[in-house]
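None of these values were measured; they are calculated from a predicted model. Index from 1, following the sequence.
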Amino acid sequence: MVVAQADCPARRVPDGTPLTIPKDTFVTITQALGGNYTVTYHGQMVRVDGTDADKLGLEPELLEFPEPVDDQIDIEQVWTALKSVYDPEIPVDLVNLGLIYGVEVDQPGKHVDIRMTLTAPGCGMGPVLVGDVEYRVKRVPNVETVKVELVFDPPWSREMMSEEAQLETGMFF
């Protein structure tokens, strides 16, 4: 349990409705992954982005990369950034959850296109996850722009998860 040190922006899980956790409010941390926090606030599960972790008196987990040796985008660093984004309800990153369908890098344009899906087409956290992906991938050296396209074909299923993720969540059959 922590006490908010300042008014803290958050989004309700799973619909993404914005709200503010007032200063001096007690919250219970239920998940801390990828620099983001899922907390219980007045009986609701809410997500606090790592950039606002200091408002809860916490240190954010920073995504840092070594200085680039040239002007190229390192695709492995893009995948590292994607692996730092976690589903707010399932303690698994988006890559191992099987939500990233494709990544294309335009080296001359310094642009990355990402095709991803959600665990359910009506997931209210979709805009939050897309924003997380854009924010994290833009931290990769030499990336200037990122476009995320949400696709729902093929529909996501648990078989798309890595074996490790299936074991971790008890969904391995």
Within the 4.5 Å heavy-atom criterion, are [X] and [Y] side-chain neighbours or not?
X    : Y    : value
D106 : K147 : no
P68  : Q77  : no
Y41  : L19  : yes
Y135 : V85  : no
L56  : I29  : no
I100 : W79  : yes
V151 : M116 : no
V27  : Y37  : no

Residue pair [X] / [Y]: nearest heavy atoms and the distance that separates them:
X    : Y    : result
L99  : T119 : CD2-N, 3.8 Å
V48  : V39  : CG2-CG2, 4.4 Å
D52  : P9   : OD2-CG, 3.5 Å
Y101 : P155 : OH-C, 3.8 Å
V103 : I75  : CG1-CD1, 3.6 Å

**Report entry** Partners meeting side-chain contact (heavy atoms from CB on, under 4.5 Å) with P121 (sequence neighbours left out)
**Finding:**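 Here the qualifying residues are F152.
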
Query - Contacts of K23 that satisfy side-chain contact (heavy atoms from CB on, under 4.5 Å) - sequence neighbours left out - result: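 So K23 forms a side-chain contact (heavy atoms from CB on, under 4.5 Å) with D7.
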
Query - N96 side, atom CG; E164 side, atom CD - distance, nearest 0.5 Å - result: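 If we round to the nearest 0.5 Å, N96:CG and E164:CD are 6.5 Å apart.
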
**Report entry** Residues D113, R115: salt bridge by 4.0 Å N-O rule
**Finding:**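 A salt bridge is absent here (no side-chain N lies under 4.0 Å from a carboxylate O).
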
Query raised in the report: Hey, is R136 close enough to D93 for a salt bridge, meaning N to O under 4.0 Å?
Result: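 So R136 does not pair with D93 through a salt bridge.
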
Report task. Assess whether side chain to side chain contact (heavy atoms under 4.5 Å, CB included) is satisfied between V140 and F65, documenting all intermediate values. Result -> CA-CA 7 Å; V140 172; F65 297 101; 3.8 Å; yes

Query raised in the report: Is the NZ atom of K110 crowded by more than 12 outside heavy atoms at less than 6.0 Å?
Result: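 Counting neighbours around NZ of K110, more than 12 heavy atoms of other residues, nucleotides or ligands fall under 6.0 Å, so yes.
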
